[in-house]
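Note that ligands are numbered from 1 as they come in the structure, with each ligand's atoms numbered from 1 the same way.
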Amino acid sequence: MSAAPDRMHRPDNELVDLVFNYMRERLQYDPVPLDHPGDGEHLKAQLAGLLNPNGNDPADVLKLYDHELSRAVISADSPRYLSFIPCAPTKAALLFDMVVSCASLQGISWLEAAGAIAAENQVLRLIADRAGLPETAGGTFVSGGSAGNLSALVVARDTARRRLGPEAKLRIAVCDQVHSSVKNTFNIIGVEAFKVPAVDRRFTGEALRAALAADPHPETVIAVVGTAGTTNEGIVDDLQGLSEVTRERGLWFHVDGAYGGAGLFAPSVREGYNGIEHADSFVVDPHKWLFAPFDCAALIYRNPQLARAVHTQDASYLDVLHTEGDEWNPTDYAYHLTRRARGLPLWFSLAVHGTQAYTDAIEAGLTLARESAALIERTDHLELLMEPQLSSVCFRRTGWTREDYYRWSQQLLADQIGFVTPTGWDGETVARFAFLHPGTTMEMVEEILATMV
Ligand SMILES: *Cc1c(COP(=O)(O)O)cnc(C)c1O
């Protein structure tokens, strides 16, 4: 007799215990170890033969994951992970991510997932309120800032095309510090960059106005992308000035706050975001500085109808989703159809802890950046490159070459003291901290800086 085809779908308490016990252990690591880079040959050997017709003992597979695979993933949630942009989810958000998985929670259409969508929209509303966007604003959660920037700028493009015709050459104004995903978006959507020189690494309204005045075809510029927290240096563009120009000229104003948007919750820096209330579209990644697990980006439009007109997928089997009325179908506001209800872990954590806990945790990262900057300034062989505006700190070790930084960074990770990768500063290799985890301490920073001798 052949085995039952539903044997994988039946309740299995032993498997539940096995995996839940592992997760319980992982959730209680204190601190989370950094772990290590991977060796391709070794990993390949460990995995050999695993995917076979008959499967394996789950305990063996989990052990392989725990002892080999997970050790070859550097933990973004370690308080010693200070590279790129870390990810430091709250325990509540992590736990609820498991609920989203276990319940196969989707958030495609109101018809199928009203409960999940109502909760996601409550979070989008909270963020929109912090930005000062009108009651009519709304959007959806997408996989990341890249997907958010793409989805928003497609709406900007198509909204302009309706006015200028399908053949019009279109440009979008950016400055050098704009994120690489925006440059990728331009390639994908066939729009050119209108490059405006930065003033002190910042995109300003004055520079934008001057560049448009000097250009023979300013009418081809249809949108402006401001960054609310550049990824490398944490610089917030002159959103106020940019928004004045976009309103004068009727341009789409997109604000990329993938990393820094969380600063809207931090009173000590909130003023720097003034002008964001005029954004036509806005992205913030909760999987960065709003302490949600991967992969979660909030995409919000001032006028969601414009997004719906562009992104709604048209197919006869989807007609049932698009009835009249005020049902909210998240799938209509970005380039996606099927989607996980990925806003729910953040919703649960916000509901459990309250917004003040978020403010406190974000301010902790800002404080770490300020105190680290002061310590760097006090240290003879270190040079601070810029007063931190948000939570990233760029600095130089006097006399070091590119190779010195790379060797130091690798040794730091090998010794499990920190994960700090070098970055570029006007063509020079320098060091950078990105603070975000509220469990990072100044003692850890001191320990790391002490290795730069
Ligand atoms: C991280 C980042 C992005 C890309 O977001 P993903 O979630 O990695 O796709 C875009 N813009 C800025 C400013 C970022 O910091």
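- Near Y259, meaning under 4.0 Å from one of its heavy atoms, ligand 1 places the atoms 15 (O).
- With L413 as the fixed residue, the side chain to side chain contact (heavy atoms under 4.5 Å, CB included) test singles out one of D35, T421, I74: I74.
- Here the two rings, on F395 and F433, have centers that are under 6.0 Å apart.
- Here the side chains of W408 and I448 are in contact, with some heavy-atom distance below 4.5 Å.
- Using 4.0 Å as the threshold, S181 has a heavy atom nearer than that to some atom of ligand 1.
- Looking at atom 9 (O) of ligand 1, its nearest protein heavy atom turns out to be S146 OG, 2.7 Å.
- The nearest protein atom to atom 7 (O) of ligand 1, hydrogens excluded, is given as D285 OD2, 2.6 Å; this is a heavy-atom distance.
- With a 4.5 Å cut-off on side-chain heavy atoms, D237 and L242 count as touching.
- Of all the heavy atoms in P304 and Y333, the pair that sits closest is O-CE2, 3.4 Å.
- Of the charged side-chain nitrogens involved, none lies within less than 4.0 Å of a carboxylate oxygen, so that R162 and D158 do not count as a salt-bridged pair.
- Counting atoms of ligand 1 from 1 in the listed order, those under 4.0 Å from a heavy atom of T231 are 12 (C), 13 (C), 14 (C), 15 (O).
- For the pair R407 and W400, the cation-pi test (distance below 6.0 Å, angle within 45°) is failed.
- From the protein, the heavy atom lying nearest to atom 2 (C) of ligand 1 is K288 NZ, 2.3 Å.
- Of all atoms in ligand 1, listed by their number and element, those nearer than 4.0 Å to a heavy atom of A258 are 2 (C), 3 (C), 10 (C), 11 (N), 12 (C), 14 (C).
- Distances below 4.0 Å separate heavy atoms of H287 from the following atoms of ligand 1: 7 (O).
- Nearest protein heavy-atom neighbour of atom 6 (P) of ligand 1: G145 N, 3.3 Å.
- With a 6.0 Å cutoff to the six-membered ring centre and a 45° limit on the axis angle, R26 does not count as a cation-pi contact of Y22.
- Scanning the protein heavy atoms around atom 11 (N) of ligand 1, the nearest turns out to be D256 OD2, 2.6 Å.
- Closest to atom 4 (C) of ligand 1, if we only count protein heavy atoms, is H179 CE1, 3.4 Å.
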